[in-house]
Amino acid sequence: MLGYGIFKKSDVEIEKELNRKGQEVIYKLKEEIFNLHNSIGLLEFMKSIKDEEIIGIRENRVGDTFLILKRENENSVVFSLRNQNNIRQFPDVYLKLTKNIVEDKQGEWHTVNYNVDIVDIQAIDKGHGNGKILIEEVIRYAKRHNFKTITGIVTWDDKRSTPWLTEFYRKNGFKLNKEETSFVMYLR
C-alpha cells in the first residue's frame, strides 16, 4: 500500500486471478458437457426400450439395478434386464407359449394357456443373479396367466458351455429328467 491507501494489484496477481477464474469456467463447462452427455445417453436408452413394457425394477447380486422389460406377442414373450450400461448386450429369456383350444360343458370353445417353453436364456454376466431374476419373472408370468407347466431343454452344448445350468434349474424349482436334458415345473 502506497500513498493514499490504494492497493494496486500486480500483473502477476491479476494473471493468477484470471487463471483461477478461467479454471472455474472450464470446470463448469466440463460439468455441463458431462451432464449433456448423460442426457443424450438417457435419451438413447429410452429410445432403445420404447417398444417394451417396463414391468419392474430389480437389483442383482452385485448391485446392478435393472429395468425388467417385457415384449409379448400372441405366441412368445421375451423378458430382458436393461439399464444404461448394457444397451447393446443384455440379459434376456425367450419363451414360446403353447395354448390349447378346449370345449367347455356348455359347448363353448376357449383358448387355454397350457405350456411356457424356455427356448433360450442369456444371463450375460455369470454369477450375478441375472438368470435368477429372469426365471422368477418367467414363473410369475406363467402363474399369473394360468399356464400349467414351464418346460425347457438343456442341450449338450448348454452343458458344455454352462456346466452349472442343470443345477440352476433344480435350485429354482424345476425337475430334471434322468439324463438332465429337459426340465419341467408343474404349476398349480
Side-chain angles (χ1 to χ4, degrees), residues 45-104 109-188:
F45 174 68
M46 295 307 289
K47 281 179 19 183
S48 76
I49 66 169
K50 69 178 173 35
D51 297 327
E52 300 178 63
E53 178 184 349
I54 299 171
I55 60 171
I57 299 174
R58 290 279 300 273
E59 188 174 296
N60 67 10
R61 275 190 214 126
V62 297
D64 297 327
T65 302
F66 291 100
L67 293 177
I68 303 172
L69 303 174
K70 179 178 77 169
R71 190 173 53 249
E72 183 173 12
N73 65 37
E74 188 175 325
N75 297 315
S76 66
V77 177
V78 176
F79 290 108
S80 59
L81 304 181
R82 302 283 290 274
N83 62 25
Q84 282 184 262
N85 300 328
N86 67 350
I87 292 176
R88 303 280 182 258
Q89 186 180 28
F90 47 87
D92 66 358
V93 60
Y94 175 73
L95 311 173
K96 182 179 166 210
L97 308 177
T98 304
K99 302 174 182 187
N100 290 340
I101 298 175
V102 296
E103 185 177 8
D104 67 14
W109 290 93
H110 302 277
T111 301
V112 176
N113 292 338
Y114 182 71
N115 183 61
V116 173
D117 185 39
I118 298 174
V119 177
D120 193 21
I121 184 166
Q122 298 289 323
I124 307 301
D125 296 313
K126 308 300 184 209
H128 288 201
N130 298 336
K132 182 163 183 60
I133 293 170
L134 291 168
I135 286 296
E136 288 171 354
E137 278 309 315
V138 169
I139 295 167
R140 195 176 353 265
Y141 175 86
K143 286 180 176 180
R144 191 177 320 126
H145 290 88
N146 299 315
F147 281 90
K148 310 289 182 232
T149 57
I150 303 171
T151 60
I153 294 173
V154 180
T155 67
W156 293 110
D157 284 340
D158 291 337
K159 285 183 176 187
R160 194 171 34 258
S161 65
T162 317
W164 60 87
L165 190 59
T166 55
E167 187 58 29
F168 167 80
Y169 284 118
R170 194 175 281 111
K171 280 183 182 177
N172 284 287
F174 292 88
K175 295 182 188 316
L176 281 91
N177 67 349
K178 185 178 177 180
E179 297 81 20
E180 295 188 332
T181 56
S182 64
F183 56 89
V184 64
M185 178 184 283
Y186 297 98
L187 304 170
R188 292 166 180 80

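For the single chain, residues carry numbers from 1 onward in sequence order.
Ring geometry, F183 versus Y169: the interplanar angle falls under 30°, so the pair is classed parallel (tilted spans 30 to 60°).
Counting only distance, with no hydrogens or angles, the side chain of N177 and the backbone of S182 share a donor-acceptor pair below 3.5 Å. Without hydrogens or angle criteria, D117 side chain to V119 main chain gives no donor-acceptor distance under 3.5 Å. Between the N83 side chain and the T65 main chain, a donor and an acceptor come within less than 3.5 Å of each other.
Between atom CD1 of residue I57 and atom CD1 of residue I68 there is a gap of 8.5 Å, rounded to the nearest 0.5 Å. Note: N100 CG to Y114 OH = 7.0 Å, rounded to the nearest 0.5 Å. With values rounded to the nearest 0.5 angstrom, I139 atom CD1 is found 4.5 Å from F174 atom CZ. Here the CD-CZ distance, from E53 to F79, works out to 9.0 Å after rounding to the nearest 0.5 Å. Note: K148 NZ to T98 OG1 = 13.0 Å, rounded to the nearest 0.5 Å. To the nearest 0.5 Å, atoms CD (E52) and CG (D92) are separated by 9.0 Å.
Proximity of L97 to F147: side-chain heavy atoms (C-beta onward) are separated by under 4.5 Å at one or more points. Between R170 and L176 there is a side-chain heavy-atom pair separated by less than 4.5 Å. The shortest distance between side-chain heavy atoms of D158 and I153 does not fall below 4.5 Å. Between I135 and I118, the closest side-chain pair of non-hydrogen atoms falls below 4.5 Å. The shortest side-chain heavy-atom distance between V78 and L95 does not fall under the 4.5 Å cut-off.
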>> Walk me through whether R58 and F66 qualify under side-chain contact (heavy atoms from CB on, under 4.5 Å).
In response: CA-CA 5 Å; R58 290 279 300 273; F66 291 100; 5.6 Å; no
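Remark: K159 NZ is packed, more than 12 non-hydrogen atoms of other residues, nucleotides or ligands lying under 6.0 Å away. Within a 6.0 Å radius of NZ in K96, other residues, nucleotides and ligands contribute 12 heavy atoms or fewer. Within a 6.0 Å sphere centred on CD1 of I55, heavy atoms belonging to other residues, nucleotides or ligands number more than 12.
Look at K70 and E137 and you find no salt bridge, because none of the NZ, NE, NH1 or NH2 atoms lies under 4.0 Å from a carboxylate O. Salt-bridge check for K132 with E136: passed, with a basic side-chain N closer than 4.0 Å to an acidic carboxylate O. Of the charged side-chain nitrogens involved, none lies within less than 4.0 Å of a carboxylate oxygen, so that E74 and K99 do not count as a salt-bridged pair.
Heavy-atom minimum distance, E72 versus V77: CG-CG2, 3.6 Å. Between G131 and I121 the shortest heavy-atom distance is O-CD1, 4.1 Å. Residue N60 comes nearest to H128 through the heavy atom pair CB-O, 3.0 Å, listed as atom of the first residue, atom of the second, then distance.
Among I150, V138, T151, the one residue that satisfies the side-chain contact (heavy atoms from CB on, under 4.5 Å) test with M185 is I150.
Using modelled atom types and a 3.5 Å distance limit, the side chains of N113 and N146 yield no donor-acceptor pair.
In this structure, the salt bridge (charged side-chain N to carboxylate O under 4.0 Å, His left out) partners of D157, at least two apart in sequence or on a different chain, are R160.
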